[in-house]
Asker: 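Right, I'll just put the structure down here and ask away after.
Only this structure's heavy atoms are used, side chains among them; waters, hydrogens and symmetry mates stay out. The chain is numbered in sequence order, starting from 1.
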Amino acid sequence: MTTTPPAHLRLTTVDTETTVRIELHGDLDYDNADRLMTTVSGKLAAHPRLHDLHLHCGGLDVVDSLGLSVLLMIRRRTSEAGVRLHLDARSAKLERLLTVTGTLEHLTAPPHGVTESARGTAQTSLPGRGTTARPTGPDSTT
């Protein structure tokens with residue numbers, strides 16, 4: 001019997017003062033998920049004026065439960081920092097995973113305290129001045 005080594009996760013980053021883009025290539029799984037979390041945590045700490053974190057997911061192959069857990073943890077950390085998380089170039093397989101688990105909207109929504117303006121740019125609401133609620137649409141029954 002032969003065993004194949006686990007697929008590696010390769011991360012390529014491009015940083016500006018307000019935006020970080022991380023391209024993911026390989027598997028986001030038990031063997032590799034901590035690497036992404038460590039990279040994102042480092043970027044959040046190194047860029048205090050960060051507005052947007054883009055995870056380019058086009059090169060992802062497998063995302064297991066730990067990979068999904070890390071994406072949720074990244075969402076929590078970016079939200080706490082007031083940073084907008086973008087999951088760009090999602091494959092159909094990743095889109096289905098996020099839809100089936102009910103995490104797609106949560107992972108792609110603006111962080112708390114940030115609303116979308118009519119032009120699609122993020123605006124931070126000031127404490128004590130109120131916020132505009134995101135429309136949720138009508139409830140549906142099936």
Side-chain angles (χ1 to χ4, degrees), residues 1-127 130-142:
M1 179 168 98
T2 60
T3 58
T4 58
H8 295 287
L9 180 65
R10 185 170 44 102
L11 305 174
T12 306
T13 63
V14 177
D15 302 10
T16 68
E17 186 175 337
T18 60
T19 302
V20 170
R21 174 185 165 98
I22 303 174
E23 294 183 12
L24 299 93
H25 300 275
D27 295 343
L28 185 58
D29 61 5
Y30 177 82
D31 294 318
N32 303 306
D34 286 343
R35 185 167 170 215
L36 177 60
M37 189 69 239
T38 300
T39 299
V40 168
S41 295
K43 295 297 181 183
L44 289 173
H47 297 276
R49 296 197 319 210
L50 190 64
H51 295 290
D52 295 285
L53 173 66
H54 292 266
L55 298 181
H56 184 73
C57 302
L60 278 178
D61 294 324
V62 173
V63 179
D64 70 3
S65 60
L66 189 59
L68 179 59
S69 177
V70 164
L71 290 175
L72 291 167
M73 180 61 75
I74 289 170
R75 169 65 167 105
R76 183 179 311 148
R77 298 263 173 90
T78 56
S79 182
E80 289 169 355
V83 174
R84 175 80 189 256
L85 175 63
H86 303 266
L87 300 179
D88 300 332
R90 295 184 300 267
S91 68
K93 191 163 51 169
L94 178 58
E95 190 83 14
R96 177 163 167 66
L97 172 69
L98 299 179
T99 300
V100 167
T101 58
T103 57
L104 177 62
E105 186 175 329
H106 174 70
L107 286 170
T108 58
H112 299 291
V114 175
T115 58
E116 294 294 313
S117 72
R119 290 185 301 241
T121 58
Q123 296 178 336
T124 304
S125 51
L126 299 172
T131 60
T132 304
R134 264 190 12 211
T136 59
D139 290 336
S140 63
T141 57
T142 54

Asker: Can you tell me how far the CG atom of N32 sits from the CE atom of M37, to the nearest 0.5 Å?
Answerer: 15.0 Å
Asker: Once rounded to the nearest 0.5 Å, what's the spacing between atom CG of D88 and atom CG of L53?
Answerer: 9.5 Å
Asker: Closest approach of L50 and D52, non-hydrogen atoms and distance?
Answerer: CD1-O, 3.5 Å
Asker: Enter the distance from R21:CZ to H54:NE2 here, rounded to the nearest 0.5 Å.
Answerer: 8.0 Å
Asker: Answer whether the closest heavy-atom distance between the side chains of R90 and L104 falls below 4.5 Å.
Answerer: yes
Asker: Could you tell me if the side chain of D29 sits less than 4.5 Å from the side chain of V63, heavy atoms only?
Answerer: no
Asker: Enter the distance from L28:CG to L66:CG here, rounded to the nearest 0.5 Å.
Answerer: 8.0 Å
Asker: Take L60 and L9 through the side-chain contact (heavy atoms from CB on, under 4.5 Å) test and state the conclusion after the steps.
Answerer: CA-CA 8 Å; L60 278 178; L9 180 65; 4.1 Å; yes
Asker: Where do S41 and R77 come nearest, in terms of heavy atoms and distance?
Answerer: OG-NH1, 3.1 Å
Asker: Grab the two heavy atoms, one from R84 and one from T108, that are nearest each other, plus how far apart they are.
Answerer: NH2-O, 3.1 Å
Asker: Between P111 and V83, what is the shortest heavy-atom contact and its length?
Answerer: CG-O, 3.4 Å
Asker: Quick check for you: to the nearest 0.5 Å, what is the distance between T78 atom OG1 and I74 atom CD1?
Answerer: 8.0 Å
Asker: Examine distances only and state if a side-chain atom of K93 and a backbone atom of V62 form a donor-acceptor pair shorter than 3.5 Å.
Answerer: no
Asker: Among I22, V20, L85, find the one that has a side-chain contact (heavy atoms from CB on, under 4.5 Å) with V40.
Answerer: I22
Asker: Looking only at heavy atoms, which two atoms of H106 and R75 are closest? And how far apart?
Answerer: O-NE, 2.7 Å
Asker: Check whether any side-chain N or O of S69 sits under 3.5 Å from a backbone N or O of S65 as a donor-acceptor pair, and report yes or no.
Answerer: no
Asker: Before you tell me yes or no, could you show the steps for L87 and L94 under side-chain contact (heavy atoms from CB on, under 4.5 Å), namely the whole-Å CA-CA distance, both residues' side-chain angles and the distance that decides it to 0.1 Å?
Answerer: CA-CA 10 Å; L87 300 179; L94 178 58; 5.6 Å; no
Asker: Measure across L71 and L107 and return the closest heavy-atom pair with its distance rounded to 0.1 Å.
Answerer: O-CD2, 3.4 Å
Asker: To the nearest 0.5 angstrom, please state how far the CG atom of L72 sits from the OG1 atom of T103.
Answerer: 5.5 Å
